[in-house]
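This report refers to the structure that appears directly beneath it.
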Amino acid sequence: MLAMKISISLQLLGLTLLCVGILHCQAWRRYTFVVEETPYRRLCSTKNILTVNGQFPGPTLYARMGDTIIVDVYNKGNRNITIHWHGVKQLRNPWSDGPAYITQCPIQPGGSFTQTIRFSSEEGTLWWHAHSDWDRATVHGAIVIYPNEGATYPFPKPHAELPIILGEWWKKDIGQLYNETIQNGGEPNISSAFLINGQPGDLYPCSKPDTFKLMVDYGKTYLLRLINSAMQEILFFSIANHKVTVVGSDASYTKPFSSDYVTISPGQTIDLLFTADQSPNHYYIAAKAYVGGAVPYDNTTTTAILQYNGNYTSTSTPSLPNLPSHNDTKASVHFTGSLRSLADKNHPIDVPRKITTPLFYTLSINTLPCLHNSCAGPNGTRLAASVNNISFVNPSIDILQAYYYHVNGVFGTRFPNFPPLLFNFTAQDLPLYLQTPKQGTEVKILKYNATVEIVFQGTNLVAGDDHPMHLHGFSFYVVGWGLGNFDEDKDPLTYNLVDPPLLNTIAVPVNGWTTIRFKANNPGVWFMHCHLDRHMTWGMDVTFIVKNGKGPGAQILPPPPGMPPC
């Protein structure tokens with residue numbers, strides 16, 4: 001009980017270090033999430049934001065590998081909401097996965113839904129967030145999954161650990177921003193600030209007193225559970241004068257490697273070790289946007305402070321880390337390309353070798369005609385996005401219910417395996433007619449236990465951009481990537497089938513390609529989408545239906561009571 005009080009006190013102080021020696025004191029079986037409006041002051045003004053339990057960022061969930069936990073979600077907010085457990089495979093349990101109109105209809109104001117989170121092989125850091133409109137801007141929090149009882153981390157025991165959540169803040173109400181973006185058809189307004197654990201930091205107005213501080217002891221090693229909850233930007237992250245050692249990503253351990261900086265996509269998590277081995281002082285922790293495409297972006301920098309304990313004379317101004325330039329694609333892909341699975345006897349991997357379902361998916365920004373050319377997209381059009389030239393349209397009831405109860409007319413099953421039009425995907429000048437996609441609610445059917453390879457190919461239609469693609473219900477092996485057009489004869493020869501990273505979110509580089517592989521052994525309805533929320537809203541989404549296999553262990557579980565009504 002004393003350990004719990006200590007932990008809670010640290011959280012109230014903003015110092016959410018969680019001492020490894022008291023982990024057994026955490027209770028992690030059932031949680032209550034109350035979604036409610038709460039006033040928060042940032043950047044000299046106060047506004048109401050949606051929160052969980054009044055906290056921003058929201059509460060951290062704790063589990064051990066293979067646990068099942070229950071979360072009772074009560075919507076006391078002013079608009080519909082769903083909650084997604086990002087990176088949790090939810091074996092056979094798509095009912096609690098969370099994406100609106102894919103696996104459930106939203107929880108309406110005044111409603112509630114009890115969600116069951118079934119962990120399996122995940123171990124490390126994940127997170128949860130709203131999966132309706134753009135409410136995940138403030139409705140999000142960390143998930144920490146510890147090894148089984150008696151097991152240890154595959155790296156030296158850290159002195160302490162804590163989540164570091166990177167985010168974005170808009171002075172405008174996020175619901176209003178979403179509605180305006182839908183109505184005008186253009187790019188959303190860029191954010192007013194980036195955040196570290198909910199705070200903008202010293203470099204923004206009215207923010208210095210509340211800057212997040214991480215207190216450390218000289219010579220001790222710490223585990224940072226880094227999460228990018230930002231809505232629209234891939235981020236560079238660094239600690240001034242300190243190297244970090246990457247040991248995990250997306251709840252899977254990696255071969256350790258040292259780096260001066262981190263590239264982290266929206267939706268991605270990265271576990272970092274660092275040792276407080278510099279002269280005792282104050283040092284900036286900082287993050288800023290990486291933007292590979294020619295698109296508007298927030299060019300500000302968020303900071304926190306790494307502060308050594310003890311008596312010493314500190315410099316008046318902390319030193320800033322040397323972050324890569326905002327458009328340094330080489331730095332971005334170098335970091336991501338350095339990730340490798342740990343792949344040892346205690347953490348084996350199983351990369352599919354014989355592919356039964358090869359897929360090639362183009363990822364494009366598009367435009368749609370707008371009445372009287374009155375929209376805010378290029379030449380008065382409405383911006384859209386697509387996979388294989390299909391821009392996804394949300395149905396009126398969720399796809400999972402329609403599939404499970406055999407409701408006709410909700411979705412089609414003709415999502416193409418390959419792009420309907422072949423062209424030089426990354427050329428500088430492309431014909432305008434290629435920019436207009438088809439719109440529809442088409443799904444891709446996968447046989448149970450199919451071995452799937454997807455080659456994602458970014459295109460330069462309208463404006464090339466990076467695309468952090470996230471797959472629900474699975475982790476996947478990233479076996480290859482490159483810049484330019486994928487070469488089906490040469491590029492597969494470079495695949496890493498020995499120790500590829502096991503992820504749930506991967507950034508497809510601007511005007512480049514990425515290949516992933518996974519086994520479709522989780523029956524259900526599972527969403528795949530770009531985790532830049534503007535691209536997801538514009539239609540860069542695919543829904544997979546993995547059919548039931550033989551035997552009770554290969555069937556979708558029955559729906560729980562109390563599913564939100566449509």
Side-chain angles (χ1 to χ4, degrees), residues 14 37-52 54-58 77-79 129-130 133-141 164-184 186-213 227-238 264-267 284-291 293-305 320 323 325-327 376 383 465-466 468 531-538:
E37 284 208 330
T38 308
Y40 269 79
R41 183 173 179 81
R42 297 289 186 274
L43 306 181
C44 314
S45 61
T46 300
K47 69 172 184 175
N48 281 342
I49 62 173
L50 277 183
T51 64
V52 166
Q55 300 176 43
F56 174 63
N78 58 0
R79 51 184 178 258
H129 60 82
D133 298 343
W134 289 353
D135 289 317
R136 77 172 178 86
T138 58
V139 180
H140 59 253
I164 297 288
I165 300 179
L166 309 178
E168 285 183 275
W169 182 268
W170 280 262
K171 288 187 175 181
K172 180 176 289 189
D173 175 74
I174 197 68
Q176 182 183 353
L177 177 70
Y178 173 80
N179 290 332
E180 289 176 358
T181 303
I182 294 297
Q183 290 167 6
N184 67 35
E187 288 271 3
N189 290 342
I190 62 173
S191 55
S192 306
F194 295 115
L195 308 172
I196 296 178
N197 282 357
Q199 297 293 343
D202 287 4
L203 306 184
Y204 296 92
C206 306
S207 301
K208 186 171 184 176
D210 297 313
T211 296
F212 181 81
K213 289 185 178 181
I227 299 165
N228 186 354
S229 75
M231 300 287 290
Q232 310 292 5
E233 307 291 2
I234 299 171
L235 295 172
F236 287 129
F237 170 90
S238 184
I264 185 167
S265 296
Y284 271 133
I285 303 168
K288 72 175 186 180
Y290 157 67
V291 183
V295 296
Y297 70 98
D298 181 345
N299 66 354
T300 62
T301 300
T302 180
T303 58
I305 293 177
L320 277 166
L323 290 164
S325 300
H326 78 276
N327 59 352
L383 285 167
D465 206 349
D466 295 81
H531 225 277
L532 300 180
D533 272 41
R534 64 187 186 275
H535 294 175
M536 180 178 70
T537 300
W538 295 340

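All values derive from a computational prediction rather than experimental measurement. In what follows, every heavy atom counts, from backbone to side chain, and hydrogens, waters and symmetry copies are set aside.
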Below 4.5 Å, heavy atoms only, C-beta onward: do H326 and E233 meet side chain to side chain?
no

Look at the aromatic rings of F236 and Y290 and report parallel, tilted or perpendicular, splitting at 30° and 60°.
tilted

Side chains of K171 and R42: closer than 4.5 Å at any heavy-atom pair?
no

Beyond-backbone contact of I305 with Y284, side-chain heavy atoms, under 4.5 angstrom:
yes

So does M231 get a backbone contact from the side chain of E168, meaning a donor-acceptor N/O pair under 3.5 Å?
yes

Is it true that a side-chain atom of N228 and a backbone atom of I264 form a donor plus acceptor pair closer than 3.5 Å?
yes

Without swapping roles, check the side chain of Y204 against the backbone of F194 for a donor-acceptor pair under 3.5 Å.
yes

To the nearest 0.5 angstrom, please state how far the OG atom of S192 sits from the CH2 atom of W170.
8.5 Å

Say you draw a straight line from CD of E180 to CG of D173; how long is it, rounded to the nearest 0.5 Å?
9.5 Å

Mind checking the OG1-CH2 spacing from T181 to W538? Nearest 0.5 Å is all I need.
8.5 Å

Counting only N and O atoms by type, is there a donor-acceptor contact under 3.5 Å from the side chain of T303 to the main-chain atoms of D202?
yes

When every non-hydrogen atom of G293 is compared with those of D465, the smallest separation belongs to N-OD1, 4.0 Å

Ring-face cation contact, W169 with K47, 6.0 Å cut, 45° max:
yes

Value rounded to 0.5 Å, distance of OG in S45 from NZ in K172:
13.0 Å

Nearest heavy atoms of A230 and L235, plus distance in Å
CB-CD1, 4.2 Å

Is R534 reaching over with its side chain to a backbone N or O of Q232, donor-acceptor style, under 3.5 angstrom?
yes

If I compare all heavy atoms of A193 with all of P200, which pair ends up nearest, and what's the gap?
CB-CB, 4.3 Å

Backbone N or O of H535 within a donor-acceptor pair of the T537 side chain at under 3.5 Å?
no

State, yes or no, whether a side-chain contact exists between N48 and N78 at a heavy-atom distance under 4.5 Å.
no

Check: T138 side chain, L50 main-chain N or O, donor-acceptor pair, under 3.5 Å
yes

So I164 and F237, do their side chains get closer than 4.5 Å, heavy atoms only?
yes

Smallest separation among heavy atoms of D135 and I174, with atom names:
OD1-CG2, 4.0 Å

Measure the shortest side-chain to side-chain distance between N189 and L177 over non-hydrogen atoms and say whether it is less than 4.5 angstrom.
yes

So, R41 side chain and C44 main chain: donor-acceptor pair closer than 3.5 Å or not?
yes

May I ask you to test the C206-L43 pair for a side-chain heavy-atom distance under 4.5 Å?
no

The reported gap from CZ in R79 to CD in E37 (rounded to nearest 0.5 angstrom) is 7.0 Å

Quick check against the 3.5 Å criterion: does S229 have a side-chain atom that pairs as donor or acceptor with the backbone of L166?
yes

Rounded to the nearest 0.5 Å, the CG atom of L195 sits from the OG1 atom of T302 at a distance of 6.0 Å

Heavy-atom closest pair, residues L532 and P468:
CG-CD, 3.7 Å

With W134, the side chain to side chain contact (heavy atoms under 4.5 Å, CB included) member among D533, V139, N179:
D533

Verify the neighbour count for atom NZ of K208: are there more than 12 heavy atoms of other residues, nucleotides or ligands below 6.0 Å?
no

Please find the pair of heavy atoms, one from A286 and one from L320, that lie closest to each other, and give the distance.
CB-CD2, 4.3 Å

Using modelled atom types and a 3.5 Å cut-off, is there a donor and acceptor pairing between side-chain atoms of Y40 and backbone atoms of F56?
yes

